[in-house]
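Okay, structure first, notes after.
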Amino acid sequence: STNNQQPSPILKGANPPLATGERLKTILSLFDDGIPKNNQQLSVLYSEKTETAISPGNTSNIFGKLEGKELLWQEMKTPSKDGKKRPKKYYGLPEWFDGKKLKPEYKNKIV
């Protein structure tokens with residue numbers, strides 16, 4: 001007998017969206033290692049953790065909503081692949097900052 005059933009398609013992003021509190025916990029857990037991260041790094045980690053496809057633009061929106069309360073950031077020039085130094089925002093937890101600047105022990109962990 002022939003089987004006419006098609007395998008059910010895997011729906012990307014079919015997971016229910018994270019509730020705000022859960023999303024916040026997930027985001028804050030990305031900093032458990034004590035290392036400040038930029039948008040690109042955060043979008044990769046967030047995507048892996050939530051099993052969703054996410055773009056740095058989306059991540060910027062998500063993290064932008066947390067700026068000033070749950071997360072602080074400092075713009076720093078770091079060498080890009082082409083050797084030029086370009087400013088990037090590095091996010092971290094408020095206690096990692098002294099005013100608007102990352103404390104040296106956290107700044108030194110940035111790769």
Out of curiosity, [X] [atom1] to [Y] [atom2], how far, rounded to the nearest 0.5 Å?
| X | Y | atom1 | atom2 | value |
| --- | --- | --- | --- | --- |
| Leu45 | Phe31 | CG | CZ | 9.0 Å |
| Leu28 | Leu66 | CG | CG | 7.0 Å |
| Lys89 | Asn39 | NZ | CG | 7.5 Å |
| Tyr90 | Ile35 | OH | CD1 | 11.5 Å |

Between Lys84 and Asp82 the two heavy atoms that sit nearest each other are N-OD1, 3.0 Å

Residue pair Ala53 / Ser47: nearest heavy atoms and the distance that separates them
CA-OG, 4.2 Å

Using the test side-chain hydrogen bond (donor to acceptor under 3.5 Å, both in side chains), find all partners of [X] that sit at least two apart in sequence or belong to another chain.
| X | result |
| --- | --- |
| Lys25 | Glu22 |
| Lys49 | Ser29 |
| Asn108 | none |

Please check if atom NZ in Lys101 has more than 12 non-hydrogen atoms from other residues, nucleotides or ligands closer than 6.0 Å.
no

NZ (Lys109) with more than 12 external heavy atoms under 6.0 Å
yes

Using residues 69-77 as the side-chain source, report each donor-acceptor pair under 3.5 Å to any protein atom, sequence neighbours left out, with the distance given to one decimal.
{"from": "Trp73", "atom 1": "NE1", "to": "Glu67", "atom 2": "OE1", "distance (Å)": "3.0"}
{"from": "Gln74", "atom 1": "OE1", "to": "Leu102", "atom 2": "N", "distance (Å)": "2.6"}

Show me, pair by pair, the donor-acceptor contacts under 3.5 angstrom made by side chains of residues 92-100, not counting sequence neighbours?
none

Quick check: do Ile27 and Tyr91 have side-chain heavy atoms less than 4.5 Å from each other?
no

Same cluster or not: are Phe63 and Leu24 linked, directly or through other Ile, Leu, Val, Met, Phe, Trp or Tyr residues, by side-chain heavy atoms under 4.5 angstrom apart?
yes

If a pair satisfies salt bridge (charged side-chain N to carboxylate O under 4.0 Å, His left out) and one of its residues is in residues 33-44, list it, with sequence neighbours excluded.
Asp33-Lys37

